[in-house]
Amino acid sequence: MPLDPGDRADRAEGLAETARALADGEVSARELVERTLARIEAAQGTLNAFRVVRAEAALAEAEAADRELADGARRPLLGVPVAVKDDMDVAGEPTAFGCRGEHPPVAEDGEAVRRLRAAGAVIVGKTNTCELGQWPFTEGPAFGATRNPWSTEHTPGGSSGGSAAAVAAGLVPAALGSDGAGSVRIPAAWTHLIGIKPQRGRISTWPRGESFQGITVNGTLTRTVADGALLLDTASGNHAQDPHRPPAVDASAAVGRDPGRLRVALALKPPFTALPARLLPDVRVRVVELAEKLAGLGHTVEEADPPYGQIGLTFIPRATAGIAEWVAEAPFPALLDPRTREAARLGRLLAGAPLRAARRAEAALHRRIGAFFETYDVVLAPTTAAPPPRIGAMLDLGGFATDRAMIAACPYAWPWNVLGWPGVNVPAGFAPGGLPVGAQLLGPADSEPLLLSLAAQLESELRWYELWPPHTAVADSSPAV
């Protein structure tokens with residue numbers, strides 16, 4: 001099992017600890033941002049986590065934060081450096097979303113970024129993502145390959161792979177990602193992080209009221225549950241025109257609360273897929289060990305699978321129609337991956353009656369799977385069926401072969417995107433070779449407080465945040481080969 005390599009002086013402290021140190025005057029925001037930018041620069045040649053680094057702008061924002069702090073102002077993240085995924089609008093920067101070409105800068109922050117700024121955060125950069133967030137790897141001709149800090153021969157996952165790599169390596173204390181089929185939870189699992197996919201609408205996706213027909217939500221990537229809850233609280237909220245406006249929750253308060261004795265369903269069977277999927281033994285054993293830990297904490301754990309039925313039939317029209325919407329707005333459509341253009345063609349075909357039927361089916365799915373939570377409080381499931389693949393394993397495959405490889409590796413996360421309900425990835429340990437794997441805590445609508453209190457209880461026992469990737473993955477700035 002990997003061990004803390006010892007010297008952590010060149011790694012970011014946690015989100016809450018950084019905010020406290022700034023408020024107490026132990027460090028200046030400019031000093032923190034300078035350190036952050038130096039870490040990003042040193043790791044970029046190896047990890048390649050960032051598409052955009054806002055060095056000059058971030059330093060100016062840090063100096064403004066220092067003036068506020070000196071005047072006695074206090075905001076939750078005042079002066080704290082954070083990163084966001086490159087599907088989120090940051091004023092003055094392009095939103096390439098993994099695509100090739102020189103994209104124009106956008107005029108305004110997206111709502112989630114606006115709320116981070118309102119909390120005082122300094123946005124140091126935008127992290128890499130695969131093209132239009134479609135795949136569980138973060139590679140492509142637009143930017144190269146983003147690599148896993150635990151093993152640079154392997155992917156950190158996707159599509160929020162850049163955010164995951166940046167947090168796992170200690171470049172930044174926290175980052176936002178987005179999750180349309182596991183795109184926060186999968187890279188969190190493969191980089192030993194907490195990944196929160198919140199309730200639909202909890203963190204606004206504006207200027208898109210619904211992203212990918214409502215299956216994609218914005219979420220958080222951090223090293224601890226408390227940091228994830230803090231980032232969730234500060235980023236949460238809605239634009240006036242958002243169609244989904246869930247009741248507010250206090251995620252941070254839930255972290256210190258005893259979850260009580262819960263009924264936990266251990267769901268090891270992959271949901272319905274049109275292609276074969278099998279849970280690999282190296283992952284199964286780690287997830288079962290986590291279930292045993294929950295039982296040891298006093299929870300009732302038994303194997304049971306939610307009644308998914310043929311939920312996949314409702315996912316495909318929404319996902320592909322969402323791709324078609326993005327492709328229709330792409331400034332350089334000829335530069336898109338052939339798989340992207342193929343998915344967009346399918347999305348246009350399905351955008352009529354099949355899409356309407358898929359959207360109508362959500363209410364019935366809520367009733368059927370919601371009834372499962374009359375018997376169980378929480379579902380514990382693998383986040384992925386396999387450890388992270390090697391760099392390049394899926395990059396050059398055709399469309400069908402890519403789908404087959406994705407489903408084989410990642411069949412577990414996407415149903416909760418159809419449902420729009422919360423899920424939290426927690427580290428489950430390591431497969432042979434030191435590759436991280438994870439497990440999901442899944443709940444019904446608005447269950448973030450319950451999931452986070454349970455995750456925090458596990459964290460207090462397992463202390464997974466004490467483990468760091470090999471130091472050389474962060475410090476080595478030589479070009480990746």
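All heavy atoms count here, side chains included; hydrogens, waters and symmetry mates do not. Predicted model only: the values in this text are computed from it and were never measured.
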Walk me through it: do Thr340 and Gln134 pass the test side chain to side chain donor-acceptor pair (under 3.5 Å)?
-> CA-CA 8 Å; Thr340 301; Gln134 299 169 83; 2.8 Å; yes
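- Rounding to the nearest 0.5 Å gives a distance of 11.0 Å between CZ of Phe137 and SG of Cys410.
- Looking only at atom types and distance, the side chain of Thr384 has a donor-acceptor partner in the side chain of Trp190 under 3.5 Å away.
- The side chain to side chain donor-acceptor pair (under 3.5 Å) search around Glu459 returns Trp464, not counting sequence neighbours.
- A donor and an acceptor atom, one from each side chain of Thr95 and Asp89, are located under 3.5 Å apart.
- When side chains are defined from C-beta on, Pro382 counts as touching Leu268, because their heavy atoms get closer than 4.5 Å.
- Side chains of Ser160 and Lys85: a donor-acceptor N/O pair is present below 3.5 angstrom, by distance only.
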Given the rule in the salt bridge (Lys or Arg N to Asp or Glu O under 4.0 Å) test, do Arg115 and Asp109 qualify, once you have shown the distances and angles that lead to the verdict?
-> CA-CA 9 Å; Arg115 288 181 177 270; Asp109 291 333; over 6 Å; no
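- Using a 4.0 Å cut-off between charged side-chain N and carboxylate O, Arg359 and Glu210 make a salt bridge.
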Stepwise side chain to side chain donor-acceptor pair (under 3.5 Å) test for Asp86 and Thr129 | CA-CA 7 Å; Asp86 194 31; Thr129 172; over 6 Å; no
Stepwise side chain to side chain contact (heavy atoms under 4.5 Å, CB included) check, His366 with Leu419 | CA-CA 7 Å; His366 282 168; Leu419 298 167; 3.7 Å; yes
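- Looking at Lys293, Arg257, His299 one by one, the single match for side-chain hydrogen bond (donor to acceptor under 3.5 Å, both in side chains) with Gln457 turns out to be His299.
- Partner Glu362 forms a salt bridge (Lys or Arg N to Asp or Glu O under 4.0 Å) with one of Arg200, Arg368, Arg356 and no other, that one being Arg200.
- At a threshold of 4.5 Å between non-hydrogen side-chain atoms, the residues Glu292 and Val288 count as touching.
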Under 3.5 Å, which donor-acceptor pairs link side chains of residues 427-436 to any protein atom two or more places apart or in another chain?
none

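- Looking at Arg339 and Asp403, no side-chain N of the basic residue comes within less than 4.0 Å of a carboxylate O on the acidic one, giving no salt bridge.
- Enclosure of atom CZ in Arg117 by more than 12 non-hydrogen atoms of other residues, nucleotides or ligands within 6.0 angstrom is indicated.
- For residues 160-177, no pair satisfies salt bridge (Lys or Arg N to Asp or Glu O under 4.0 Å), with sequence neighbours left out.
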